[in-house]
Every structure is written in structure tokens, then in C-alpha cells.
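As C-alpha cells, the structure follows; a few thoughts come after it.
Note that the numbering runs from 1 along the sequence shown for the chain.
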Amino acid sequence: MIKRGHTIVKRNATNSELQRAIEGAIPQATKQAANIANRYKGKTEEETCKKIFDYLKNNINYKADGLDQQVRLPSGLMRTAQGDCKSYSVFTSAVLSNLGIPHKLVYASYDPKDPTPSHIYVMTDKGCIIDAVYGKFNAEKKATYKKYKPMNI
């Protein structure tokens, strides 16, 4: 693992290494997002989720990683205005954590023969889905396999 400023880079990473990198980045991401989290606070949990979704969808360009898998912290995501599902999820988790909203990471596989996750997004404990990659608020692509990782806040 290489840390480049606001981004954690893993070359030829295994899926479990990526999951550890994502989950390991969230405490630092949560500290970074402390100053900005209130921008996304709505009157309800769903409104808060929609504000986070809209920010990612309208301001951050989706760009899949190649050989070097990057987990951008909020500062890196906002600075470069690009990221993928890993960085979107780290940002979302960090904001929700600062706002005291219980949530979980959802690791999803869409391959009926392989449960290895190929996508990640966030769902609140009340069931609100934030997946700006999928592109429809509070909705998810039907996965063949899912693994949930509760985030303690």
C-alpha cells in the first residue's frame, strides 16, 4: 500500500486487501469530513442521503481504477473531482458517521458463479441506499451476492 497525500493506492490488490483498505480509510476520512458533513444534513435521514447522493452524482466524475486501485479520502475525492465506488463509499460513510447516522457498507457481486464483490455502496440502517454509481437515488442494482459491513459510529 502506498499513501499519496489524500489517496491510498494499492497495486495488484486482492479483493480482501481492497476491503481492508476501504475500511481502514474510513476513520481518517471521518476526521476529514467533520468540517463539511453539515452541508449534507437534511431535515430527515432520507433528505440527508439524497444530498450526499446528489453531490456525488453532480460533482464527482465516475472513473474506474485500472491496475492501481485508489481509495480516495474526502479531500482527495473533492480535490480531483473523480473517483469510483470505493471512494464514493468512503466519502458517504465519513459524512454519515459525522452526522450520527448508522449505516453499513454493502459489498456486491453480480456474477452468479462468483461471490467476490465487484462493487461497493452504502445503506443506512433504516434502509436508505446511496449508490451514485448506479445513478438512481435510494435504489440498487440487483446483486447475486451481498456482504454487509456495519460501520460503528
Side-chain angles (χ1 to χ4, degrees), residues 1-42 45 47-110 116-125 128-141 143 146-153:
M1 176 169 48
I2 306 163
K3 288 189 179 184
R4 293 185 185 152
H6 306 281
T7 304
I8 299 161
V9 179
K10 293 197 76 65
R11 183 170 290 242
N12 295 320
T14 65
N15 201 278
S16 59
E17 288 174 329
L18 284 175
Q19 289 179 39
R20 282 194 300 277
I22 293 163
E23 293 163 21
I26 290 176
Q28 186 177 353
T30 301
K31 287 178 189 168
Q32 280 189 4
N35 300 355
I36 61 163
N38 280 331
R39 294 180 196 173
Y40 306 99
K41 185 165 179 56
E45 182 176 295
E47 190 177 302
T48 298
C49 293
K50 179 80 164 86
K51 285 183 174 194
I52 296 167
F53 175 89
D54 287 345
Y55 172 76
L56 292 170
K57 192 73 183 149
N58 298 324
N59 297 284
I60 307 296
N61 294 315
Y62 175 80
K63 184 176 182 221
D65 291 337
L67 183 61
D68 288 340
Q69 292 290 310
Q70 301 181 19
V71 178
R72 295 181 196 276
L73 297 169
S75 58
L77 186 71
M78 295 170 86
R79 183 176 43 79
T80 63
Q82 74 177 24
D84 69 358
C85 61
K86 298 182 302 298
S87 301
Y88 283 20
S89 295
V90 168
F91 179 89
T92 301
S93 179
V95 171
L96 292 174
S97 291
N98 275 291
L99 297 176
I101 298 174
H103 61 283
K104 54 190 139 289
L105 302 177
V106 182
Y107 293 100
S109 168
Y110 305 98
T116 305
S118 59
H119 184 52
I120 182 175
Y121 55 96
V122 176
M123 178 186 292
T124 68
D125 286 3
C128 192
I129 299 164
I130 306 170
D131 183 1
V133 175
Y134 184 58
K136 185 176 178 192
F137 175 65
N138 204 11
E140 62 191 338
K141 180 178 176 181
K146 287 185 196 174
K147 175 180 144 188
Y148 298 97
K149 173 66 177 178
M151 301 310 298
N152 297 324
I153 56 173

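Judged purely by atom type and a 3.5 angstrom limit, Gln32 has no side-chain atom pairing as donor or acceptor with the backbone of Ala29. Between the Gln82 side chain and the Tyr62 main chain, no donor and acceptor come within less than 3.5 Å of each other. Distance alone, capped at 3.5 Å, places no donor-acceptor pair between the Ser93 side chain and the Ser89 backbone.
Looking at heavy atoms from C-beta onward, Leu56 lies out of side-chain contact with Val133 at the 4.5 angstrom threshold. By the 4.5 Å heavy-atom criterion applied to side chains, Pro117 and Asn15 are counted as neighbours. Using a 4.5 Å cut-off on side-chain heavy atoms (C-beta onward), Thr48 and Ile101 make contact. Side-chain contact between Ile120 and Val106 is absent, with no heavy atoms from C-beta onward closer than 4.5 Å. When side chains are defined from C-beta on, Met151 counts as touching Ile26, because their heavy atoms get closer than 4.5 Å. Taking 4.5 Å as the limit, every side-chain heavy atom of Lys146 sits out of range of all side-chain heavy atoms of His119. Contact annotation: the side chain of Val122 never approaches that of Lys104 to less than 4.5 Å [non-hydrogen atoms, C-beta and beyond]. In this structure, Leu96 and Ile52 have side chains that are in contact, with non-hydrogen atoms separated by less than 4.5 Å.
With hydrogens and angles left out, the side-chain atoms of Gln19 and Lys147 include a donor and acceptor closer than 3.5 Å. If you check the side chains of Glu45 and Thr124, you find a donor sitting under 3.5 Å from an acceptor. In this model, a donor atom of one side chain and an acceptor atom of the other lie less than 3.5 Å apart for Tyr121 and Glu140.
A cation-pi arrangement, defined by a distance under 6.0 Å to the six-membered ring centre and an angle within 45 degrees of its axis, is present between Lys141 and Tyr110. Taking the ring axis of Phe137 as reference, the NZ or CZ atom of Lys50 stays within 45° of it and closer than 6.0 Å to the ring centre.
Residue Cys49 holds its SG atom at 10.0 Å from CD1 of Ile129, rounded to the nearest 0.5 Å. Note that CD1 of Ile22 is 6.0 Å distant from CG of Leu18, once rounded to the nearest 0.5 Å. The OH atom of Tyr148 lies 12.0 Å from the CG atom of Leu105; values are rounded to the nearest 0.5 Å. Phe53 CZ to Tyr134 OH: the interatomic distance, rounded to the nearest 0.5 Å, is 10.5 Å. Interatomic distance, Ser87 OG to Met78 CE, rounded to the nearest 0.5 Å: 13.0 Å. For the atom pair Lys31 NZ and Asn98 CG, the distance stands at 11.5 Å (nearest 0.5 Å).
Nearest heavy atom pair, residue His103 against residue Ser97, reads CE1-OG, 3.3 Å. Residues Ala139 and Asp131 approach most closely at O-CB, 4.2 Å, considering heavy atoms.
Lys136 is linked by a side chain to side chain donor-acceptor pair (under 3.5 Å) to nothing, counting only residues two or more places apart in sequence or in another chain. The ring pair (Phe, Tyr, Trp, His ring centres under 6.0 Å) test applied to Tyr40 returns Tyr55, Phe91, not counting sequence neighbours.
Residues in residues 80-95 take part in these salt bridge (Lys or Arg N to Asp or Glu O under 4.0 Å) pairs, two or more places apart or across chains: Asp65-Lys86, Asp84-Lys86.
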Exercise. Could you walk me through whether Met123 and Ile130 pass side chain to side chain contact (heavy atoms under 4.5 Å, CB included), step by step?
Key: CA-CA 6 Å; Met123 178 186 292; Ile130 306 170; over 6 Å; no
